[in-house]
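All heavy atoms count here, side chains included; hydrogens, waters and symmetry mates do not.
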Amino acid sequence: MDRKKVMKLFGGFLAVMLVFTILSRAVSGASMARVETVRISPGTIEHKVTAIGRVQAGKETAVYTESGQRVKEICVQEGKSVKAGDVLFLIDMEELEEQILAAQQELEKTKLQNQDLQNAKSFEQSNQSMARQRAQEDYNQAVTQGDSLVAEAKKAWDDAEWALQQFLSSTPKPEPEGGGDSLSDQAGSGQEGATADAGQSGLQTSEEDVSHPQSPSSADGSSVQTQAPPSAEEGSGAEEWEARKSSLEQAAAEAKAAYDVAVSSRADNVRAAARAIEDAARPQSAADSTQKQNEITRQQQDLALNKLLALKKAGGEITAGVSGVVTQILVSTGDFTSEGAAMRVTDDSAGSRIVFPVSKFEEDYVSKGSPVKLKAAGSKDFISDYTISSVTENEQDNMLLDVAVDLPQGVFEAGVMVTAEIVPNSEDYTCIIPLQALHEEQNGSYVLILQEQRGVLGTELAVQRLDVKVLDKNNTDAALEEGLLTSEQEIISSSNRMIQEGSRVRRSQEE
């Protein structure tokens with residue numbers, strides 16, 4: 001075979017191979033998954049929380065009136081705006097007049113009771129003072145009279161003792177008949193015996209007293225008559241002398257007993273008079289707080305009466321204390337008022353508040369100070385420049401949070417439904433991809449990127465898996481840790497077929 005023919009055959013072979021290659025690439029390209037790719041970009045991850053709440057008055061005041069008042073007319077309705085001083089309802093004046101009269105009578109009765117108690121107390125104090133005075137007088141008299149009687153008894157005792165000692169010292173004891181001693185010896189013996197007895201009794205008598213005995217005076221100043229000692233001629237013997245001595249000794253003993261009785265009687269009388277003083281000084285009755293209790297009752301009655309009189313002066317009109325909206329009416333025409341609130345009215349001067357219920361799963365995205373946008377029902381535009389005032393757990397459902405926003409006066413009326421969008425401040429990230437480009441599994445997250453490689457048919461695109469760390473994400477985007485991806489890498493965000501690591505793919509924009 002000549003060279004020319006060989007070259008033709010070889011050329012034909014190459015042509016056939018080229019056709020097969022083209023056909024193979026076409027078939028292979030038709031079987032490859034078409035993918036769309038994205039690249040990382042810097043940005044933020046926003047977490048927008050949407051909630052709906054109703055405007056509440058920032059402060060609500062209660063309207064009270066005196067209990068037991070018959071309501072004559074109600075002048076407002078719930079939801080109506082009122083100004084400070086507007087009449088809310090009227091009470092029946094005839095019923096009020098009757099209550100005022102009854103209150104005045106009760107107050108007067110209490111005053112009379114207090115006056116009676118005061119008079120009784122003054123009378124009791126006067127009696128007690130008189131009793132103390134008389135007891136003191138009796139005590140003084142008991143002391144004076146007792147001292148006098150004791151002194152008299154002591155004087156009588158002293159006189160009786162003196163008479164006895166005088167007898168013993170001046171009258172010798174006669175000798176019995178047939179006695180061995182002479183009369184002078186008897187006199188000497190009697191003199192010595194009298195002297196000895198006088199020494200034993202502790203009484204000292206002078207020679208003058210013995211020679212010239214004086215009659216002691218009685219307590220009342222009269223002289224006490226003492227029987228002169230019998231002479232030797234008149235003596236009737238030792239028996240008479242002994243009888244005289246015994247009589248004087250008995251008189252002295254009786255005088256001493258009378259003195260002891262006087263001392264004891266004085267002590268008893270003085271003690272009884274002292275106890276009478278103590279009894280007179282002791283309160284005659286137990287402590288009684290009735291007057292103090294009545295005074296407290298009087299003050300309460302006086303206060304209640306003044307409130308009724310003030311209500312009468314106002315013409316029975318109950319007015320609003322602040323400007324706001326009537327939120328609740330708790331009285332009815334013809335019924336009597338109670339001790340509780342009659343109405344409730346918002347206070348416009350305190351602004352308003354909106355409380356939005358939010359799922360607890362969004363707790364990380366709602367915090368005090370976070371910015372919030374508000375839009376009233378039926379409005380298209382949001383208003384901003386407001387922040388969250390507080391975040392608390394819902395009292396009825398622990399899976400909800402109550403997010404409160406305080407508003408100044410005039411932003412929204414109470415009762416209006418408002419939609420809120422809460423967008424907390426986000427951190428700036430350098431590596432953000434669409435959420436659809438992120439794949440998650442139990443062990444972590446990863447992305448699929450395009451990787452060029454040499455194949456039989458030339459350069460091809462294959463899928464490569466790259467594990468990543470997610471820093472934050474929302475419903476649309478995810479922020480990845482910096483350094484894992486570069487801005488040059490193409491990240492597969494979608495594919496028309498199932499792909500995995502190693503799969504050959506082609507870009508959707510390639511024909």
Side-chain angles (χ1 to χ4, degrees), residues 38 40-61 79-83 322-327 344-436 438 470-480 482:
V38 295
I40 62 172
S41 62
T44 59
I45 301 295
E46 292 186 348
H47 297 278
K48 183 167 63 176
V49 179
T50 303
I52 298 176
R54 185 182 299 275
V55 179
Q56 304 173 359
K59 181 179 179 181
E60 191 176 57
T61 61
K80 180 181 178 181
S81 297
V82 294
K83 295 181 179 180
V322 295
S323 297
V325 178
V326 178
T327 57
R344 289 189 172 88
V345 180
T346 63
D347 186 355
D348 287 347
S349 62
S352 58
R353 162 174 281 208
I354 312 174
V355 178
F356 302 97
V358 174
S359 173
K360 210 166 189 178
F361 294 109
E362 298 178 302
E363 185 175 7
D364 294 338
Y365 311 125
V366 290
S367 60
K368 182 178 179 180
S370 296
V372 60
K373 297 179 181 179
L374 304 174
K375 181 178 68 173
S379 176
K380 296 181 180 180
D381 299 326
F382 280 94
I383 58 175
S384 56
D385 298 332
Y386 299 109
T387 58
I388 295 176
S389 303
S390 64
V391 179
T392 57
E393 186 175 287
N394 188 281
E395 295 182 357
Q396 285 75 33
D397 189 349
N398 59 8
M399 296 305 296
L400 293 177
L401 298 174
D402 286 338
V403 179
V405 178
D406 291 327
L407 302 174
Q409 179 182 357
V411 178
F412 296 114
E413 291 184 0
V416 174
M417 298 299 296
V418 174
T419 300
E421 286 187 359
I422 304 168
V423 183
N425 296 324
S426 173
E427 182 181 347
D428 291 330
Y429 298 102
T430 60
C431 184
I432 293 180
I433 62 172
L435 188 62
Q436 60 187 18
L438 181 68
V470 179
L471 301 179
D472 194 7
K473 65 179 179 178
N474 56 18
N475 296 331
T476 58
D477 299 309
L480 307 181
E482 186 177 359

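Here the shortest heavy-atom pairing between P371 and T387 reads CA-CG2, 4.2 Å. The shortest heavy-atom contact between P357 and A51 is O-CB, 3.9 Å. Scanning both residues, P434 and D477, for their nearest heavy atoms gives CA-OD1, 3.7 Å. Between S323 and K83, the shortest heavy-atom distance links the atoms OG-CA, 3.4 Å. The shortest non-hydrogen separation linking R353 to S389 is NH2-CB, 4.4 Å. Heavy atoms only, all atoms of each residue included: L435 and A478 are closest at CD1-CB, 4.2 Å.
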Verdict with reasoning, Y386 to V411, per side chain to side chain contact (heavy atoms under 4.5 Å, CB included): CA-CA 11 Å; Y386 299 109; V411 178; 3.5 Å; yes
Audit row: Y429, E482, side chain to side chain contact (heavy atoms under 4.5 Å, CB included) steps and yes/no: CA-CA 8 Å; Y429 298 102; E482 186 177 359; over 6 Å; no
Stepwise side chain to side chain contact (heavy atoms under 4.5 Å, CB included) check, V325 with V345: CA-CA 5 Å; V325 178; V345 180; 6.0 Å; no
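Separation of atoms CZ (F356) and CD (E421) is listed at 11.0 Å; rounding is to 0.5 Å. To the nearest 0.5 Å, the span separating CD1 on I422 from NZ on K48 amounts to 12.0 Å. Here I433 contributes atom CD1 and T476 contributes atom OG1; the two are 11.5 Å apart, rounded to the nearest 0.5 Å. With rounding to the nearest 0.5 angstrom, the CD1 atom of I45 is 9.5 Å from the CG atom of L471. Between the CG atom in D385 and the CG atom in L374 there is a gap of 10.5 Å [rounded to 0.5 Å]. Here Y365 contributes atom OH and H47 contributes atom NE2; the two are 4.0 Å apart, rounded to the nearest 0.5 Å.
For the pair V372 and V366, the minimum side-chain heavy-atom distance is 4.5 Å or more. Taking 4.5 Å as the limit, some side-chain heavy atom of I52 sits within range of a side-chain heavy atom of M417.
Counting heavy-atom neighbours within 6.0 Å of N475 CG, excluding the residue itself, gives a total of 12 or less. Within 6.0 Å of the NZ atom in K375, the count of heavy atoms belonging to other residues, nucleotides or ligands exceeds 12. Within 6.0 Å of CD on E46 lie no more than 12 heavy atoms contributed by other residues, nucleotides or ligands.
Side-chain contact, S379 with D381: no donor N or O sits under 3.5 Å from an acceptor N or O.
Counting only residues at least two apart or on different chains, the side-chain hydrogen bond (donor to acceptor under 3.5 Å, both in side chains) pairs with a member in residues 393-405 are K360-E393, N394-D402.
Remark: T327 engages E60 in a side-chain hydrogen bond (donor to acceptor under 3.5 Å, both in side chains) (not counting sequence neighbours).
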